[in-house]
Number of protein chains: 2
Amino acid sequence: MSKKDKATIHDIANKLGITASTVSRALNNHPRISARTKELVHEAAKEINYKPNSFAVALRNGRSRLIGIIIPTVNRNFFSSIVRGIEEYANQHDYRVVITQSYDNYEKEKQTVNALIDAQVDGIMVSLGKNTTALTHFKKAIERGIPLVFFDRVAEELPVSQVVIDDFQAAFQMTEHLIQQGYRRIAHFNSPMKINIFQERLRGYRQALENYGLKVDPELILYSNLQLEDGRESVASLLNQGIPFDAIFSASDYSIVGALQELKKNGIKVPEAVGLAGFGNEPFTEFTDPPLSTVDQVSIPMGQSVAKMFFDLLESEEKSLPIQKVMLRPKVIFRKSTQKIASNPVAKIAPATPF
Amino acid sequence: MSKKDKATIHDIANKLGITASTVSRALNNHPRISARTKELVHEAAKEINYKPNSFAVALRNGRSRLIGIIIPTVNRNFFSSIVRGIEEYANQHDYRVVITQSYDNYEKEKQTVNALIDAQVDGIMVSLGKNTTALTHFKKAIERGIPLVFFDRVAEELPVSQVVIDDFQAAFQMTEHLIQQGYRRIAHFNSPMKINIFQERLRGYRQALENYGLKVDPELILYSNLQLEDGRESVASLLNQGIPFDAIFSASDYSIVGALQELKKNGIKVPEAVGLAGFGNEPFTEFTDPPLSTVDQVSIPMGQSVAKMFFDLLESEEKSLPIQKVMLRPKVIFRKSTQKIASNPVAKIAPATPF
DNA sequence: GAATTGTGCGCAATCGATTGCATTTAATGG
DNA sequence: CCATTAAATGCAATCGATTGCGCACAATTC
């Protein structure tokens with residue numbers, strides 16, 4: 001309405017009786033500009049509230065100072081915390097962040113990648129959708145020379161840097177914990193998807209059983225989409241088929257809550273008759289009755305790690321692009337839902353194990 | 001690395017032996033360009049995979065096709081659902097969305113607004129932070145002629161369009177429900193913040209009590225930050241002081257979960273001895289034991305409503321800017337936590353009441 | 001057949017910032 | 001005091017797309 005016209009370097013130039021070139025150089029601290037002029041320019045800039053036009057800069061320099069994040073959904077504690085970590089780091093470096101959601105939908109993910117490329121982001125950080133199999137859309141970005149970093153849900157086939165947590169270790173520790181508590185017929189809920197995180201969790205589960213001389217019973221491994229309803233159904237299925245079990249380790253917090261509800265409905269006591277452990281440390285795992293043991297995916301450190309890796313990559317660009325892989329140590333949290341041994345009624349949190 | 005050079009209209013022009021002007025006009029369906037030429041241009045564009053350079057367009061047109069969203073945090077079902085609604089609508093209109101979080105921090109909110117203005121977004125949609133009092137940062141946007149739309153947490157003092165839910169009605173209905181269930185000493189948890197939503201919820205609570213001839217007891221109205229811990233403390237405080245109560249209606253789901261935990265700890269039965277009702281319909285309210293009655297804030301319709309209002313505003317721009325206020329009807333959800341009367345064990349959901 | 005109206009397209013400026021290549025001015029040398 | 005060099009700035013092109021104006025040529029009118 002009123003002062004809709006933004007100040008430009010030309011306004012500064014006119015004000016001072018010099019040219020825009022000089023103003024530009026002064027603002028960019030060019031060595032061939034006198035200290036006095038720089039001073040004047042900065043003053044004038046402040047006075048008329050000059051802000052560089054980001055589009056002009058982007059057009060001229062070919063760098064947008066925009067980075068894209070692709071995550072399955074923002075509505076998960078884990079992802080939103082990561083985003084927060086990235087955002088803070090990026091803002092400090094004067095970059096803006098575009099958050100996009102794939103909703104675990106392959107088509108949407110493809111569109112999103114293309115949209116980001118068209119938007120000319122300077123780089124993309126991705127956590128893959130559950131249903132993503134083909135990766136051509138990312139190859140396109142790589143060909144374009146757009147830096148790429150994967151986190152959590154990654155694709156091993158692509159030559160890109162990545163940050164993950166040690167899902168194997170976490171699953172191993174949780175399963176081990178269940179065994180040590182005295183549970184013997186431990187069921188496992190997992191996803192049929194071919195994503196690293198689920199496969200690693202399964203591997204950890206198996207390894208723990210084997211290490212303790214327990215048989216891995218295929219009947220006890222149930223595949224589903226790991227939502228709340230899936231958890232209920234999986235438990236119902238076990239009960240209906242009369243398959244005995246005394247604990248469940250789920251690769252997702254959601255399905256373990258479903259399991260809890262179904263068990264309660266059938267009058268089965270947790271943790272006395274059946275122990276329950278989830279994965280993800282969603283906030284609600286603390287609110288259930290009993291509170292659920294779970295795995296914290298150290299989202300904040302992951303966000304920072306991703307951002308740092310990314311900006312390292314940005315700067316090293318045009319030179320060699322060393323592919324980095326960082327694996328963070330998750331935190332296994334033991335709560336009441338796995339306390340068959342009632343020795344220690346206080347929930348305890350595993351200390352951050354050093355690397 | 002390889003085809004890093006993006007195709008431009010000049011490439012198309014060269015290919016066809018015409019000028020960039022013609023190409024531009026052909027792509028924009030200018031009436032003075034022949035059908036034949038348009039056809040050729042479109043073909044060529046497809047062939048060399050031409051994508052307009054958004055910065056050049058933005059620079060030239062002064063419109064960025066970017067809109068900013070400011071919300072307290074993305075990690076709340078309510079907000080992320082709204083974002084989703086907005087995003088879908090915006091993408092259909094070929095706009096991109098920048099999501100930013102204020103973390104309920106006034107300073108951060110100010111910075112964010114400025115950052116968005118500097119990024120030259122074409123408009124901003126905001127849900128205010130809890131601690132926002134001054135509104136000068138928004139006035140700046142208004143002066144700049146940047147369309148603004150508020151939702152949920154709004155400021156009445158500013159001449160901008162807004163979408164809210166009927167917090168008063170929802171609070172009234174929930175309190176009424178508690179009364180009808182037979183609860184008489186109904187406590188209320190609220191925030192000391194001067195935000196519309198909290199004040200309206202308080203008003204609804206009082207009105208219901210009055211309508212049913214119940215006294216509004218100041219001792220029963222507790223102010224806090226409404227987090228989980230606050231809920232525990234509020235209950236503890238009531239118990240310690242020996243203030244009798246047989247129900248709690250909280251303006252937040254988080255504090256009602258805290259209340260539930262504290263009551264359980266003291267062996268007080270819910271819903272038999274004390275009824276509990278929250279606000280927000282966070283997913284975890286379904287997972288607690290017993291499941292909690294709460295208010296669904298119809299986030300999806302709100303997102304759509306906000307987006308629609310916003311784009312209407314964008315188009316009507318330069319003309320009159322009628323200020324619109326939309327008030328959506330929330331859904332009151334009755335679950336087990338308020339079922340003093342055990343007549344109906346099945347959780348029932350209030351039908352969407354028509355306006 | 002000359003004048004008028006349309007149609008299809010090119011020229012060149014523009015958006016705001018950057019930058020290679022002058023050009024001007026000041027400082028230094030002989 | 002004039003030449004040489006360094007220091008400080010200006011000129012003009014550029015990034016890619018858009019658009020007012022104008023120029024050809026064709027179609028229409030009387």
Side-chain angles (χ1 to χ4, degrees), chain A residues 3-42 44-45 48-66 94 117-122 144-145, chain B residues 3-42 44-45 48-66 94 117-122 144-145:
Chain A
K3 279 283 277 316
K4 201 163 180 181
D5 335 277
K6 287 196 54 175
T8 73
I9 51 172
H10 293 96
D11 299 331
I12 300 180
N14 288 335
K15 202 170 156 74
L16 298 178
I18 55 181
T19 59
S21 323
T22 305
V23 174
S24 174
R25 282 192 257 256
L27 291 172
N28 290 310
N29 203 26
H30 188 109
R32 297 286 286 273
I33 300 295
S34 72
R36 172 100 189 97
T37 303
K38 285 179 185 172
E39 207 178 304
L40 287 171
V41 168
H42 278 108
I48 66 176
N49 190 31
Y50 167 77
K51 293 283 166 52
N53 181 318
S54 52
F55 300 119
V57 176
L59 175 57
R60 175 65 218 222
N61 297 341
R63 311 188 102 215
S64 61
R65 301 196 83 77
L66 253 188
D94 206 21
I117 293 178
D118 290 347
Q120 298 174 72
V121 295
D122 287 345
R144 278 255 202 292
Chain B
K3 278 285 277 313
K4 203 165 179 178
D5 335 279
K6 288 196 54 177
T8 74
I9 51 172
H10 292 96
D11 298 331
I12 300 180
N14 288 336
K15 202 170 156 73
L16 298 178
I18 55 181
T19 58
S21 322
T22 305
V23 175
S24 172
R25 282 192 256 254
L27 291 172
N28 290 308
N29 202 26
H30 192 283
R32 298 285 285 272
I33 300 296
S34 73
R36 174 98 188 100
T37 304
K38 285 180 185 171
E39 207 177 305
L40 286 172
V41 169
H42 279 108
I48 65 177
N49 190 30
Y50 167 78
K51 292 283 167 53
N53 182 317
S54 50
F55 301 120
V57 176
L59 174 58
R60 174 66 218 222
N61 295 343
R63 311 188 104 216
S64 60
R65 300 198 82 78
L66 252 188
D94 207 20
I117 293 178
D118 290 348
Q120 299 175 69
V121 294
D122 287 345
R144 279 254 202 292

List in chain and number order the residues that pass side chain to side chain contact (heavy atoms under 4.5 Å, CB included) with Arg36(B), two or more places apart in sequence or in another chain; answer none if no residue qualifies.
Ser34(B), Glu39(B), Leu40(B)
Which residues share a side-chain hydrogen bond (donor to acceptor under 3.5 Å, both in side chains) with Asp11(B), sequence neighbours left out
none
Could you list by number each residue of residues 10-18 of chain A showing a heavy-atom separation from DNA chain C of less than 4.0 Å, or answer none if no residue does?
none
Less than 4.5 Å apart, side chain to side chain, heavy atoms only: is that true for Leu16(B) and Val23(B)?
no
Where Tyr50(A) and Leu27(A) come nearest, the two heavy atoms and their spacing
CE2-CD1, 3.7 Å
Heavy atoms only: give me the nearest Gln120(B)-Ser64(B) pair and the separation to one decimal.
O-OG, 2.7 Å
Sequence-distant partners of Ala58(B), side chain to side chain contact (heavy atoms under 4.5 Å, CB included), two or more places apart:
Phe55(A)
Within residues 53-60 of chain A, residues whose heavy atoms come under 4.0 Å of DNA chain C:
Asn53(A), Ala56(A), Val57(A), Arg60(A)
Not counting sequence neighbours, which residues clear salt bridge (charged side-chain N to carboxylate O under 4.0 Å, His left out) with Lys38(B)? List them please.
none
For chain B, the stretch of DNA chain D it reaches, first to last nucleotide, under 4.0 Å of its heavy atoms
dG16(D) to dG20(D)
Between the protein and nucleotides 25-28 of chain C, list the N/O to N/O atom pairs that are separated by less than 3.5 angstrom.
none

Contacts of Val121(A) meeting side chain to side chain contact (heavy atoms under 4.5 Å, CB included) (sequence neighbours excluded), chain-then-number -> Leu66(A), Leu116(A), Ile124(A)
Mind running a 4.0 Å heavy-atom check of residues 19-35 of chain A against DNA chain D and sending the residues that fall below it, in number order?
Thr19(A), Ser21(A), Thr22(A), Arg25(A), Arg32(A), Ile33(A), Ser34(A)
Test of understanding: with side chain to side chain contact (heavy atoms under 4.5 Å, CB included), list the residues that count as partners of Arg65(A), not counting sequence neighbours.
Asp94(A), Tyr95(A)
Find the bend of the helix from dG1(C)-dC30(D) to dG30(C)-dC1(D) as the angle between its two terminal axes (five pairs each), to the nearest 10°.
60°
Side-chain touch Ile117(A)/Arg144(A), heavy atoms, less than 4.5 angstrom
yes
Between Ile9(B) and Ser24(B) the two heavy atoms that sit nearest each other are CD1-CB, 4.3 Å
Test Arg32(B) against Arg25(B) for side chain to side chain contact (heavy atoms under 4.5 Å, CB included), laying out the working first.
CA-CA 8 Å; Arg32(B) 298 285 285 272; Arg25(B) 282 192 256 254; 5.8 Å; no
Please report the closest heavy-atom contact between Ala13(A) and Ala20(A), naming both atoms and the distance.
CB-N, 3.7 Å
Tell me whether Asp122(A) contacts the main-chain N or O of Arg63(A) through its side chain, where contact means a donor paired with an acceptor under 3.5 Å.
no
